[in-house]
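So the structure is just underneath, and the comments pick up after that.
First the proteins, then the strands, lettered A, B, ... as listed; each starts at 1. For the numbers below, each heavy atom of this structure counts, side chains included, while hydrogens, waters and symmetry mates do not. Model, not experiment: these values are computed from the prediction.
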2 protein chains.
Amino acid sequence: MHFDTVIHNGLIVTMNPAFEIIESGTIGIHAGKIAYLGKETPESPVPEARKKIDAKGCIVMPGLVNTHTHLPMTLFRGIADDLPLDLWLNEHIFPAEAKHIHPESVRWATLLAGCEMLLSGTTTCCDGYFLEDNVATAFQGSFMRGVLGQGVIDFPAPGVPEPDKNVDEAIKFVEKWKEKSPLIRPSIFCHSPYSCSEKTLKSAKKAALDNGVLFQIHVSETFRERRDCQKQHGTSPVRYLHDLGILDKNTLLVHAVWIDDADLEIISATGACISHVPESNMKLASGIAPLPKILNAGITTGLGTDGCASNNTLDLFTTMDVCAKLHKVNTLNPTDVDARTVLEMATISGAKSIGLDDITGSLEIGKAADIIIIDIKKPHLTPIYSPVSHLVYAVNGSDVTDVLIAGKPVVNKRKIIGLNTDKIIERVKKLSAYIGQSSDQRRE
Amino acid sequence: MHFDTVIHNGLIVTMNPAFEIIESGTIGIHAGKIAYLGKETPESPVPEARKKIDAKGCIVMPGLVNTHTHLPMTLFRGIADDLPLDLWLNEHIFPAEAKHIHPESVRWATLLAGCEMLLSGTTTCCDGYFLEDNVATAFQGSFMRGVLGQGVIDFPAPGVPEPDKNVDEAIKFVEKWKEKSPLIRPSIFCHSPYSCSEKTLKSAKKAALDNGVLFQIHVSETFRERRDCQKQHGTSPVRYLHDLGILDKNTLLVHAVWIDDADLEIISATGACISHVPESNMKLASGIAPLPKILNAGITTGLGTDGCASNNTLDLFTTMDVCAKLHKVNTLNPTDVDARTVLEMATISGAKSIGLDDITGSLEIGKAADIIIIDIKKPHLTPIYSPVSHLVYAVNGSDVTDVLIAGKPVVNKRKIIGLNTDKIIERVKKLSAYIGQSSDQRRE
């Protein structure tokens, strides 16, 4: 077979079901897919290809999957930290969104997020925001793979000033993007059980079912949300959604911090998936999700960063490190949430949680060639006893040197191919200058 | 005045008592010290100098201070993770130390640690280990500033096979290094109250007092340590040390996880300082120190990484991020441990906790020119509303481009000056090959 690209000489962490790790491994790519995978030996030398990438001294692995983002919020990175949730939302985030989220800002902030994700090894993300048509158009320009959800909320939102049209707008978005781009799958993102009525939740879920797309929703993020739901509906947020018929394996429950054993049983029985977002939950002081219990219940669980107003980066390597450590200290059990588990969450389990595990999340023949290369010839990655340990506890996003998505090189030696990073940075800086001013005025 | 070096055009975060931040700031360096600090204006243009560093688009700040390391343990980075503490120590760390810690391995592992720290913006560290004379010699070669403590423990240790000579060895080390190197201050590092007898603790403290050097000790790291101390001595580890006369402002209490209000009062009253080591405490599932209470009690507190077997890197930027987030979710209060507080811990408070605040930890006229430059012209650092927010929540060690220690450039555009990084990496890899083999044999 003739290959378009061959990556050879690397330490391949496949993330396949057998969790194979191949020293001096070779990957052959044809028509965007992995067509060959094996160990280089005298009997099976490196095959011929138009392009050869020598990954000597590097780890080669599937691109990471970020299961929860709000891409345009890169615009608000670090705009307000260390504040009580109400003040943070009502005095900073909501006013900034109302004033500064428009098609132009969404475009540049999404491109910026794309650059950041590519440069830190993320090749797929699951996004939920407003003006998602503009997100999708910009996202397409970043060459990344994504599940993109148009936001639904019972308040006036960017691009949807009349809340009673929110589900119609989401349907329009899904229909437009359903077959439009090989790397993009549309989705519906209902903001939360407390910000959407029963009617909205039900009709949004119906639209997702009709179109066979992922239904994303924030749920049980804070203690207050759970308490209020209990008061208002007499039950937990998870059971409330279940009673409305929302939960199935095409449902992604984001956060799921304040959940009990009964909630876990419901989630497990319905096959709904969870996006675990530890850094945002820490920074906003929301709480610590019972991840060991979630995993024990067999619930498919991915890892997410959240938007840049509450994290403040999209570096999923850092999130892996924090995730593995947080749960150990929370349960006082150092064997909880081990490195392999977290690595699975950030790759194959994340892909499964958003319905893309037949395409990405592991290096296997027939899957898309979504591949990242990590340079470990560095002091902070020396010595190496286990690549899995390094990927979770020592690597950061800046160690990623090369990225391929569907076989196409998109990052080469830390330079993004086909995007003018400097221009994107300049445009976002200009947009942020206005935001900074209005934020200063508000503080005075 | 004629300057040796001028750094201009940068966004200077001084960490001085007024917490001044200077846009387009200029720093003039003369004879290793900061001799000028100001804003560039038409009236005060950039002064002349032999060497000019243009820090446009960069943050300029004091080098970070890591208050707890075991430098030679970089050799064991990732050798064993996610294990119960007993198994981790007795099956992996102790055997590896007994077999593989010798003057040659200490030398290369310390140089490796130096490279890693310099490349992630740390210019000062406080170390405690065995064979510290070899650490100090190698450390001197890394051009870093440090407080280096010879280990004291009532067991046979590398270089001290006879425990009854442990304090004498420490005294010998202190006397040798007392005036030897302008960047190195010797110290005594008693391992812990449970691994040293009363006699050892008292005579080690006496030696520290006689020589006017810092006394470091691990204390109240785990619940078990506290419980056992209560059983054995009828009191908490902190009070036990206090009763022995150990605590004063030249004492650095490392970890201090399981401490109560009475312990806090003692620490505060004696002026003893704390090294807070959140990532190691998380990974080993030791517990979460009551940092907001510690800070409220006015105790001088620095930040530490611990050794690379339990973290697994020396990147203090990551530690800052994790520290700020961990305590918010622990207390469910998002205003706890804000970015400025964490930044102070990693700089000026850290310097104060190890007795070096008259020399380093902030950019002020008369202090040593220990300076780092951070490139923020990157997607993950765009836009910028607050440099303090970025330094804690978005920057990682790989964003550091230039480092000066006592005015001497030691990192230039991410290349270490005067050390052969490739050779150091190769030597540590060779040493690790033996360790990996014996570790595999143990597992079989």
Side-chain angles (χ1 to χ4, degrees), chain A residues 75 77-79 81-85 88 112 115-116 119-120 223 279 281-288 311-315 318 321-322 324-326 328-329 331-335 338-339 377 379-380 382-386 389-390 393-394 396-399 421 424-425 428-429 431-432 436 439, chain B residues 75 77-79 81-85 88 112 115-116 119-120 223 279 281-288 311-315 318 321-322 324-326 328-329 331-335 338-339 377 379-380 382-386 389-390 393-394 396-399 421 424-425 428-429 431-432 436 439:
Chain A
L75 199 56
R77 188 195 309 279
I79 196 173
D81 308 302
D82 311 326
L83 294 171
L85 191 65
W88 180 75
L112 180 74
C115 292
E116 182 183 355
L119 287 170
S120 56
F223 174 77
E279 289 189 287
N281 298 157
M282 293 169 83
K283 185 156 184 274
L284 299 179
S286 306
I288 301 175
N311 182 331
N312 299 348
T313 77
L314 301 171
D315 184 346
T318 316
D321 179 38
V322 171
K325 288 172 176 162
L326 174 66
K328 290 170 173 54
V329 82
T331 58
L332 294 184
N333 181 352
T335 69
D338 63 15
K377 302 179 294 296
H380 73 279
T382 301
I384 177 167
Y385 297 99
S386 152
S389 167
H390 266 29
Y393 294 120
N396 70 56
S398 305
D399 300 316
T421 314
I424 293 165
I425 288 176
V428 173
K429 275 173 73 175
L431 288 162
S432 76
S439 159
Chain B
L75 200 57
R77 189 196 307 279
I79 197 173
D81 308 301
D82 310 328
L83 294 172
L85 191 65
W88 180 74
L112 180 74
C115 291
E116 182 183 355
L119 287 170
S120 54
F223 174 76
E279 290 191 286
N281 299 156
M282 293 169 82
K283 186 156 183 274
L284 299 179
S286 306
I288 301 175
N311 182 331
N312 296 356
T313 78
L314 301 171
D315 184 346
T318 315
D321 180 38
V322 171
K325 288 172 175 161
L326 175 65
K328 289 170 175 54
V329 81
T331 58
L332 294 185
N333 181 351
T335 68
D338 63 17
K377 301 178 295 295
H380 74 278
T382 302
I384 177 166
Y385 298 99
S386 152
S389 167
H390 265 30
Y393 294 120
N396 69 58
S398 305
D399 300 317
T421 314
I424 294 165
I425 288 176
V428 173
K429 274 173 74 175
L431 289 162
S432 76
S439 160

Q. Non-hydrogen atoms of chain B under 4.5 Å away: do they reach the side chain of A:Thr318, the backbone, both or neither?
A. side chain
Q) Taking atom CG of A:Leu332 and atom CG of B:Leu85, what is their separation to the nearest 0.5 Å? A) 11.5 Å
(Q) So which atom in A:Ala394 and which in B:Thr313 form the shortest heavy-atom distance, rounded to 0.1 Å? (A) CA-CG2, 3.5 Å
Q. Contact part of A:Asn312 toward chain B, heavy-atom cut-off under 4.5 Å: side chain, backbone, both or neither?
A. both
Q) Could you state the interatomic distance from NZ (B:Lys429) to OG1 (A:Thr382), rounded to the nearest 0.5 Å? A) 7.0 Å
Q. Would you say the side chains of B:Asp81 and A:Tyr385 form a donor-acceptor pair under 3.5 Å?
A. no
(Q) Check this for me: A:Lys377, atom NZ, are more than 12 non-hydrogen atoms of other residues, nucleotides or ligands nearer than 6.0 Å? (A) yes
Q. Heavy-atom distance under 4.5 Å to chain A: side chain of B:Leu119, backbone, both or neither?
A. side chain
Q.
Quick check on B:His380 against chain A: is it the side chain, the backbone, both or neither that has a heavy atom closer than 4.5 Å?
A. both
Q | Min side-chain heavy-atom separation B:Pro334-A:Leu284 under 4.5 Å | A | no
Q: Pick whichever of A:Ser120, A:Gly397, A:Gly287, A:Ala324 has the most heavy-atom pairs under 4.5 Å with chain B.
A: A:Gly287
Q: Measure across B:Arg77 and A:Pro379 and return the closest heavy-atom pair with its distance rounded to 0.1 Å.
A: NH2-O, 3.1 Å
Q. Does B:Lys325 reach the main-chain N or O of A:Asn311 with its side chain, forming a donor-acceptor pair under 3.5 Å?
A. yes
Q) Side chain, backbone, both or neither: which part of B:Ser286 has a heavy atom under 4.5 Å from chain A? A) backbone
Q) Where does A:Asp321 contact chain B at under 4.5 Å (heavy atoms): side chain, backbone, both or neither? A) side chain
Q: Identify which of A:Ile288, A:Leu112, A:Val428 forms the greatest number of heavy-atom pairs closer than 4.5 Å to chain B.
A: A:Leu112
Q.
Under 4.5 Å from any heavy atom of chain A, what part of B:Asn396 do you find: side chain, backbone, both or neither?
A. side chain
Q: Would you give the length of the straight line joining atom CG of A:Leu326 to atom NZ of B:Lys283, rounded to the nearest 0.5 angstrom?
A: 15.0 Å
Q. How long is the span from the CG atom in A:Asp82 to the OG atom in B:Ser389, to the nearest 0.5 Å?
A. 7.5 Å
Q. Measuring heavy-atom distances to chain A, does B:Thr421 have an atom under 4.5 Å in its side chain, in its backbone, in both, or in neither?
A. side chain
